[in-house]
Amino acid sequence: MEASFLNPFLSSCQEAFVTMFNLESQHKQPYLLNPIGNNSWEISGLVAVNGEETGIVAFRLHKILANKMLELSGITIESPEEQEAMMKDLATEFTNIITGNAVSSIKKNIFVSSPDIRYGEDHEIPWPRSTKIIAVPFYTKFGSFEVDLCFKGM
């Protein structure tokens, strides 16, 4: 995947964490994700992208980090049911923000769909079978997350 396409997603994640949660994040070396391998992430926000480029962006994290992000946002949670709903909403919105910000800085005609959430242990993501998936791990002092990019022709 070209750096000119990957770098906006890296920057968007780091900027969004600082802006929204006053939390620094650092990315590590990207790697090729095995779509059939075990999935240790508990929450995945997915966005389909189409236009001059087509693919899927996934923001993946654990409940511990999602809860810390909610706490840093100043959101008050009344019940376990509300907490679960808020974690899903947070992942949905954050996926939309990082994808939208990244896409707006790429000089191509690209459109972003409404986000979808996959939740729970061992959830599956419908990755295209013939396209490579680039996974970028990130670390914060409260836990890790990952951004996965799967674009045709990249």
Practice task
Return yes if some donor-acceptor pair links the side-chain N/O of Ser73 with the main-chain N/O of Ile75 below 3.5 Å, else return no.
Solution key: no
Exercise for the section: Would you check if Cys150 and Pro128 make a side-chain contact, meaning some heavy-atom pair closer than 4.5 Å? Expected result: yes
Fill in the blank from the handout: The reported gap from OG in Ser40 to CD in Glu121 (rounded to nearest 0.5 angstrom) is 9.5 Å
Practice task
State whether the side chain of Ser105 and the backbone N or O of Ala102 hold a donor-acceptor pair below 3.5 Å, judged by distance alone.
Solution key: yes
Exercise for the section: Indicate whether the side chain of Ser44 and that of His123 have a donor and an acceptor atom separated by less than 3.5 Å. Expected result: yes
Practice task
Identify whether Trp41 and Leu46 are in the same connected component of the hydrophobic contact network (ILVMFWY, side-chain heavy atoms under 4.5 Å).
Solution key: no
Fill in the blank from the handout: Interatomic distance, CD1@Ile97 vs OG@Ser12, rounded to 0.5 Å, equals 8.5 Å
Problem - Flag side-chain contact, heavy atom, 4.5 Å: Thr140 against Gln26 - result: no
Problem - Cluster overlap Ile43 with Ile125, hydrophobic side-chain contacts below 4.5 Å - result: no
Exercise for the section: Starting at CE of Met86, measure out to CD of Glu81 and round the result to the nearest 0.5 Å. Expected result: 14.0 Å
Handout entry: Glu146 side chain vs Val136 backbone, donor-acceptor pair below 3.5 Å
Key = no
Practice task
Answer whether the closest heavy-atom distance between the side chains of His27 and Gln14 falls below 4.5 Å.
Solution key: yes
Practice task
Tell me whether Ile56 is reachable from Leu33 by hopping between hydrophobic residues (I, L, V, M, F, W, Y) whose side-chain heavy atoms are closer than 4.5 Å.
Solution key: yes
Exercise for the section: Treating Ile, Leu, Val, Met, Phe, Trp and Tyr as nodes and any side-chain heavy-atom pair under 4.5 angstrom as an edge, say whether Leu90 and Val47 lie in one connected cluster. Expected result: yes
Exercise for the section: Heavy atoms only: give me the nearest Thr95-Val57 pair and the separation to one decimal. Expected result: CG2-O, 4.4 Å
Practice task
Examine Ile134 and Trp127 and state if one hydrophobic cluster contains both, with Ile, Leu, Val, Met, Phe, Trp and Tyr joined whenever side-chain heavy atoms are less than 4.5 Å apart.
Solution key: no
Exercise for the section: Step by step, work out the side chain to side chain contact (heavy atoms under 4.5 Å, CB included) result for Phe142 and Ile64. Expected result: CA-CA 8 Å; Phe142 298 116; Ile64 291 172; over 6 Å; no
Practice task
State, yes or no, whether a side-chain contact exists between Thr54 and Phe151 at a heavy-atom distance under 4.5 Å.
Solution key: no
Practice task
Report yes if some heavy atom in the side chain of Phe138 is under 4.5 Å from a heavy atom in the side chain of Leu10; otherwise report no.
Solution key: yes
Problem - Side chains of Thr92 and Asn96 in contact at under 4.5 Å (non-hydrogen atoms) - result: no
Practice task
Assess whether side chain to side chain contact (heavy atoms under 4.5 Å, CB included) is satisfied between Thr99 and Val49, documenting all intermediate values.
Solution key: CA-CA 9 Å; Thr99 304; Val49 176; 4.1 Å; yes
Under 3.5 Å, side-chain donor or acceptor atoms of residues 65-72 against the rest of the protein: list the pairs with distances, not counting sequence neighbours.
| residue | atom | partner | partner atom | Å |
| --- | --- | --- | --- | --- |
| Asn67 | OD1 | Gln83 | NE2 | 2.6 |
| Asn67 | ND2 | Lys63 | O | 3.3 |
| Lys68 | NZ | Glu71 | OE2 | 2.9 |

Handout entry: Short side-chain to backbone donor-acceptor contact, Glu82 and Glu78, under 3.5 Å
Key = yes
Considering only distance and modelled atom types, tabulate donor-acceptor pairs under 3.5 Å from the side chains of residues 15-25, sequence neighbours left out.
| residue | atom | partner | partner atom | Å |
| --- | --- | --- | --- | --- |
| Thr19 | OG1 | Glu15 | O | 2.9 |

Practice task
Taking the side chain as every heavy atom from C-beta outward, state whether Asp148 and Phe59 have any pair of such atoms under 4.5 Å apart.
Solution key: no
Handout entry: Interatomic spacing from CZ in Phe145 to CZ in Arg60 - rounded to 0.5 Å
Key = 13.5 Å
Handout entry: Check: Ile98 and Val147 side chains under 4.5 Å, non-hydrogen atoms
Key = yes
